[in-house]
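See below for the structure under consideration.
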Amino acid sequence: MLGNTHIVGGITASLAFAQISNDNPLVLVGAGIVGALLPDICHGGSKIGRTFPISSKIVNKLFGHRSFTHSLLFLFCIAMLMNTFIPYKAFTIGLLLGMVSHLILDMGTRQGIKLFFPINIKVRFPLTIKTGGKVEKFIFAGLCMLSLYFGYEMIIDIVNIT
């Protein structure tokens, strides 16, 4: 999946969670965007890889693409780090939601992910799509619509404040 699709996936997941929680939706969404991009730190051409090129190179040399950073182990490690160093629960939840959305979206591609790293098994859905193809554009549009649906109340509240 392309970076923009991952961003909208993180936004959608965060806004959906905001519907059932009392957490700050803006914090959830901001963290969800970061989390949606974070797994691609292993790819130098990704949005986050271009932002942090040295880190991206190191992670890619150590693990390759779509392995450790696309695994349940990485998700667990980030959760433990966040719980240890970041006291704000909404940020941690948003970050993890964004990461999970990233993993789910990448499981829909032909390349799949190594969800159970270090076990060398690729996981993908039975029906997959080509990254950047027409179906991904349809998925992107659907995620945008879902984001508007889940964010409607928040948007109305912001408009009514001004």
Quiz prompt | Approximate separation, where rounding is to 0.5 Å, of S56 OG and H65 NE2 | solution = 9.5 Å
Practice problem: In sequence, state the C-alpha distance, the side-chain angles, and the governing distance for L2 and T131, and then conclude on side-chain contact (heavy atoms from CB on, under 4.5 Å). | Solution: CA-CA 7 Å; L2 298 175; T131 299; 4.0 Å; yes
Practice problem: Supply the atom-to-atom distance I119 CD1 to S67 OG, rounded to the nearest 0.5 angstrom. | Solution: 13.5 Å
Exercise. List the atom of N4, the atom of F140, and the distance in Å for their closest heavy-atom pair.
Key: O-CE1, 3.5 Å
Self-check item: Residue pair K134 / I129, side-chain heavy-atom distance below 4.5 Å
Solution: no
Quiz prompt | Same apolar cluster (I L V M F W Y, side chains within < 4.5 Å links), I78/L97 | solution = no
Self-check item: Minimum-distance pair of heavy atoms, taken over all atoms of D40 and S46
Solution: O-OG, 2.8 Å
Exercise. Is it possible for you to say whether V100 and F76 belong to one hydrophobic cluster, with membership spreading through side-chain heavy-atom contacts below 4.5 Å?
Key: no
Quiz item: Once you round to the nearest 0.5 Å, how far does CD1 of I33 lie from CG of L95?
Solution: 11.5 Å
Quiz item: Hey, what do you get for CD1 (I139) to SG (C144), rounding to the nearest 0.5 Å?
Solution: 12.0 Å
Quiz item: Is K114 close to K122 at the side-chain level, that is, under 4.5 Å between some pair of heavy atoms?
Solution: yes
Quiz item: So do the side chains of L38 and T69 get within less than 4.5 Å of each other, counting heavy atoms only?
Solution: no
Practice problem: Look at atom CD1 of I54 and say whether more than 12 heavy atoms of other residues, nucleotides or ligands are closer to it than 6.0 Å. | Solution: no
Quiz prompt | R124 and I113: CA distance, side-chain angles, deciding distance, side-chain contact (heavy atoms from CB on, under 4.5 Å) verdict | solution = CA-CA 7 Å; R124 65 181 187 181; I113 62 172; over 6 Å; no
Exercise. Return the minimal non-hydrogen interatomic distance between P25 and A18, and the atom names on each side.
Key: CB-CB, 4.0 Å
Quiz item: Same hydrophobic cluster for L148 and F138, using side-chain heavy-atom links shorter than 4.5 Å among ILVMFWY?
Solution: no
Self-check item: Candidate pair L105 and L143, rule side-chain contact (heavy atoms from CB on, under 4.5 Å), full reasoning
Solution: CA-CA 11 Å; L105 287 169; L143 289 170; 4.3 Å; yes
Exercise. Please confirm whether the backbone N or O of G45 pairs with a side-chain atom of R50, one donor and one acceptor, at under 3.5 Å?
Key: yes
Quiz item: Between I20 and Y149, is there a shared hydrophobic cluster once you connect ILVMFWY residues whose side-chain heavy atoms come closer than 4.5 Å?
Solution: no
Quiz item: Between M99 and F74, is any pair of side-chain heavy atoms under 4.5 Å apart?
Solution: yes
Exercise. Compute whether any side-chain donor of one residue and acceptor of the other, for T109 and R66, lie under 3.5 angstrom apart.
Key: yes
Quiz item: From L75 CG over to L103 CG, what is the distance, rounded to the nearest 0.5 angstrom?
Solution: 6.5 Å
Quiz item: Tell me, do L62 and C42 make a side-chain contact under 4.5 Å, heavy atoms counted?
Solution: no
Quiz item: In terms of hydrophobic clustering (I, L, V, M, F, W, Y; side-chain heavy atoms under 4.5 Å; direct or indirect links), are M80 and L96 co-clustered?
Solution: no
Quiz item: Is the closest side-chain donor-acceptor distance between H43 and N60 under 3.5 Å?
Solution: no
Quiz item: Is Q19 reaching over with its side chain to a backbone N or O of F150, donor-acceptor style, under 3.5 angstrom?
Solution: yes
Quiz item: Cut-off 3.5 Å, side chains only: do S147 and T12 have a donor facing an acceptor?
Solution: yes
Quiz prompt | Ring geometry between H102 and H6 (parallel below 30°, tilted from 30 to 60°, perpendicular above 60°) | solution = parallel
Quiz item: Please walk me through it: do F63 and I41 pass side-chain contact (heavy atoms from CB on, under 4.5 Å)?
Solution: CA-CA 11 Å; F63 304 108; I41 191 67; over 6 Å; no
Quiz item: Any side-chain heavy atom of S14 sitting closer than 4.5 Å to one from V29?
Solution: yes
Quiz prompt | T5 side chain to M1 backbone, donor-acceptor under 3.5 Å | solution = no
Practice problem: Could you tell me the separation between the CZ atom of F52 and the CG atom of L37, rounded to the nearest 0.5 Å? | Solution: 10.5 Å
Quiz prompt | Distance-minimising heavy-atom pair for F125 and I104 | solution = CE1-O, 3.3 Å
Practice problem: Answer whether the closest heavy-atom distance between the side chains of L72 and F117 falls below 4.5 Å. | Solution: no
Quiz prompt | Any side-chain heavy-atom pair of T92 and F85 under 4.5 Å | solution = no
